[in-house]
Amino acid sequence: MTVSRDGLEKLVGRMTLAEKLGQLTMTAAGYAVTGPVIAGDSTESIRNGTLGNLLNLVGAKHVREMQKIAVEESRLGIPLLIGFDVIHGHRTLFPVPLGEAAAFDPHVWELTAREAARETAADGLAMTFAPMLDVSRDLRWGRTAEGPGEDPWLAAQIARAKVRGFQGTDLASAESVAATAKHFCGYGPVAGGRDYASVDISERTLREVHLPAFAAAVEAGVAAIMPAFTDLAGIPMTAHKALLRDYLRGELGFEGVLVSDYNAIAELIRHGVAADIVEAAVLALKAGVDIDMMADAYRKGLPVALERGLVTMDEIDECVLRVLRLKQRLGLFDDPYRRGSSEEPAATVAARRRLSRDVAAKSLVLATNSGDTLPLREGVRRVCVIGPLADAWGEMRGPWAGAGYDERSVSVLAGLREALPSAKLVHAAGVAISDAGRSGIHAAVDSVSGADAVVLCLGEAAEMSGEAASRAHPELPGEQRALAEAVLQRARLEEIPVVAVLFCGRPLIVPWLVERADAVLIAWFPGTEAGNAIADVLTGRVSPSGRTPITWPRALGQVPLFYGARSGGRPENPNDRFTSKYLDAPNSALIPFGFGLTYGRFSYANLRVHPENAAVTDSIEVAVDVTNEGARAAEETVFLFVRDQVASVARPLLELKAVTKIGLKPGETRTARLELPAAELRFLGIDLEPTFEPGEVEILVGPHADRAHLISSRLTLRG
């Protein structure tokens with residue numbers, strides 16, 4: 001049935017209270033579990049109109065069955081809204097979001113979201129609980145894997161690309177799904193890096209670091225937003241009226257749906273701001289939360305709240321109308337079966353896997369490459385593939401594998417066998433990922449002898465990253481270090497190069513490995529085509545181009561370590577004890593933000609900034625000549641940072657403002673051009689309002705956020 005805007009209001013007027021609260025309730029179907037509560041059979045609730053939304057229902061056949069009950073058997077025939085956590089792919093998995101961020105390519109981010117949306121919609125689903133936009137500067141936090149890394153500018157670019165990708169140009173299309181920007185907001189800086197813990201940050205940090213990505217998502221037209229589980233300075237986000245109603249809906253003009261996180265409304269009781277489910281429901285409704293996911297707080301609490309006069313029917317109707325409008329925008333009233341109505345062609349699925357392979361290769365970060373160890377030399381005859389992650393296809397998927405648990409990913413061993421058909425591959429796990437046993441180390445070390453190269457596959461299990469996966473000791477788990485050190489020692493004695501491939505959803509504390517391995521490749525969790533993508537890079541079929549979107553510290557005591565810190569009044573001075581530094585470690589990063597090697601070797605020269613004087617309405621062109629001095633063609637990622645040295649509010653040492661990529665053949669020089677709107681040089685003043693201050697700004701361009709590798713020029717801003 002087609003329903004107009006006026007028709008939606010009339011539809012709300014026909015609904016009973018129970019039916020209204022059903023539209024504000026989302027229940028899990030039981031196919032997957034994303035929290036501590038498992039829902040029972042909801043079929044009768046759908047039939048009687050007291051449940052309007054589902055999550056974790058997978059498969060077009062199952063979705064159609066439930067949708068048919070809602071549309072053809074309920075009194076009002078209102079279609080269901082069915083969502084799923086499509087975090088880095090649905091059935092075909094792309095790299096985890098932190099890994100995909102390493103591509104520094106908005107086209108890639110949009111393309112993977114578009115393909116994930118098509119695959120999700122083909123399963124009959126109409127909503128995803130992604131993208132996750134939480135900036136993370138604490139590697140202990142497991143959900144670092146799901147987000148954009150440490151930088152707010154980068155997070156905002158990802159937000160725009162992912163919303164465009166998921167929602168397409170027409171949200172009602174059979175190939176589009178509603179995106180849900182989460183977790184609003186400031187979830188990343190949880191105390192101690194512990195998931196779900198309290199957050200207490202300054203208003204400036206909130207607005208400068210954690211809100212920009214959500215503002216970008218709203219600007220891009222995101223359909224839904226999910227508040228975080230956490231509290232901000234004592235006010236749980238699920239009940240944060242100032243941020244949800246005043247900022248999101250008021251200041252940003254967000255008109256979409258607010259959906260709670262899993263059981264979050266009921267958890268207001270444990271937060272200590274509600275005495276019972278009635279008070280919890282009132283707080284969430286007053287804050288503007290439209291859909292109650294899994295707490296059943298609205299169905300149980302709001303009838304009592306109405307009787308007590310704690311909420312009004314108009315407030316409930318307002319939320320119901322937003323939910324119905326989303327269903328209308330998704331085309332569910334016009335044709336509730338349009339998604340999942342036909343099976344995807346085999347060619348489409350195959351093309352998606354090829355894309356997964358290409359994107360996985362783009363996400364790999366080559367951290368070290370001593371003596372051009374990589375790519376592996378042509379004609380290599382014997383390769384020793386060692387480590388608990390060498391043949392662990394299941395771990396390649398990473399956390400939040402969506403509906404991809406039934407899809408077999410490509411292991412490193414399988415990928416190398418395909419890429420090196422004439423080479424003898426010797427495999428030994430050596431140790432388990434996290435167990436204490438060392439009995440396999442001796443055999444693994446013995447297998448090294450006579451090898452042309454060793455590929456050492458180390459890191460975390462997939463379940464060690466993601467939700468509820470914080471780590472106090474984010475190092476190699478189990479006995480992996482013992483294995484690695486033994487292999488490195490034997491390989492050095494026999495002059496055999498060792499390539500360490502690291503699988504992780506966060507930076508790991510591994511300075512010893514970075515210093516001792518001949519090459520280190522950060523693979524994150526690359527997804528379905530992991531092994532093929534890694535083999536592509538190791539063999540030189542593809543030159544690595546990934547750049548780390550998060551700083552890798554030398555020691556856990558440096559955390560939080562990020563490139564955009566402020567100087568302070570006593571910046572580090574090695575000759576002055578009373579400056580900001582450690583007694584037992586350097587301040588510097590092990591791997592700085594934006595770092596990543598290629599198989600080329602690039603130099604920068606002739607930085608130009610035009611105009612040299614700019615007003616707020618001007619657009620600034622920054623140009624720099626880049627030369628590939630290496631022997632192989634490669635793609636360089638060029639970063640543009642700014643530094644406002646004197647301002648009314650102390651500014652970060654570096655702020656990222658633009659990124660571009662340039663492919664160069666050996667010996668080739670070309671000009672990289674980056675556009676910088678002068679308005680982007682505004683910042684929040686003393687009153688936390690945007691200000692554009694006259695004065696000099698330093699423009700810095702280069703391959704990553706280590707200032708020693710940047711070249712700079714000056715720009716004068718005029719009022």
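No experiment lies behind these values; they were computed from the predicted model shown. Values below: all heavy atoms of this structure, side chains included; hydrogens, waters and symmetry mates excluded.
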Self-check item: Arg547 charged N/C atom sitting above Phe104 aromatic ring, 6.0 Å / 45°
Solution: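 Output no; distance or angle outside limits.
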
Expected output: side-chain [X] to main-chain [Y] donor-acceptor under 3.5 Å:
| X | Y | value |
| --- | --- | --- |
| His473 | Glu475 | no |
| Glu467 | Pro399 | no |
| Asp292 | Thr25 | no |
| Arg204 | Gly685 | yes |
| Gln167 | Ala179 | yes |
| Arg651 | Asp644 | no |
| Arg308 | Pro303 | no |
| His88 | Trp400 | yes |

Considering all heavy atoms, the nearest [X]-[Y] contact:
| X | Y | result |
| --- | --- | --- |
| Ala305 | Val282 | CB-CG2, 3.5 Å |
| Trp109 | Ala161 | CB-CB, 3.8 Å |
| Leu248 | Leu252 | O-CB, 3.3 Å |
| Phe578 | Asp576 | N-OD1, 3.0 Å |

Do [X] and [Y] sit within salt-bridge range, that is, some charged N less than 4.0 Å from a carboxylate O?
| X | Y | value |
| --- | --- | --- |
| Arg164 | Glu110 | yes |
| Glu698 | Arg707 | yes |
| Arg270 | Glu267 | no |
| Glu315 | Arg245 | no |

Exercise. Using only heavy-atom distances, determine whether the side chains of Tyr187 and Asp195 contain a donor-acceptor pair under 3.5 Å.
Key: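 Side-chain D/A pair, Tyr187 to Asp195: present.
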
Exercise. Indicate whether any N or O donor in one side chain lies under 3.5 Å from an N or O acceptor in the other, for Thr180 and Lys182.
Key: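 No - no donor-acceptor pair under 3.5 Å links their side chains.
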
Is any side-chain heavy atom of [X] closer than 4.5 Å to a side-chain heavy atom of [Y]?
| X | Y | answer |
| --- | --- | --- |
| Asp138 | Thr144 | no |
| Leu283 | Val289 | no |
| Arg643 | Leu653 | yes |
| Val649 | Thr691 | no |
| Pro148 | Leu98 | no |
| Val257 | Leu81 | no |

Practice problem: Decide yes or no on side-chain contact (heavy atoms from CB on, under 4.5 Å) for Tyr563 and Asp151, but give the supporting numbers first. | Solution: CA-CA 9 Å; Tyr563 85 89; Asp151 184 73; 2.5 Å; yes

Quiz item: Can we call the ring centroids of Phe214 and Phe254 under 6.0 Å apart?
Solution: no

Quiz item: What's the verdict on side-chain contact (heavy atoms from CB on, under 4.5 Å) for Val199 and Val190, showing C-alpha distance, side-chain angles and the deciding distance?
Solution: CA-CA 5 Å; Val199 175; Val190 284; 3.8 Å; yes

Quiz item: Going by the angle between their ring planes, with limits at 30° and 60°, are Tyr247 and Phe184 parallel, tilted or perpendicular?
Solution: parallel

Practice problem: Please round to the nearest 0.5 Å and tell me the distance separating atom CZ of Phe683 and atom CD of Glu208. | Solution: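 One gets 9.0 Å once the value is rounded to the nearest 0.5 Å.
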
Practice problem: Could you please spell out the steps behind the side-chain contact (heavy atoms from CB on, under 4.5 Å) verdict for Val320 and Leu24? | Solution: CA-CA 6 Å; Val320 174; Leu24 306 186; 3.8 Å; yes

Exercise. Decide yes or no on salt bridge (charged side-chain N to carboxylate O under 4.0 Å, His left out) for Glu255 and Arg329, but give the supporting numbers first.
Key: CA-CA 12 Å; Glu255 297 180 349; Arg329 289 183 62 205; over 6 Å; no

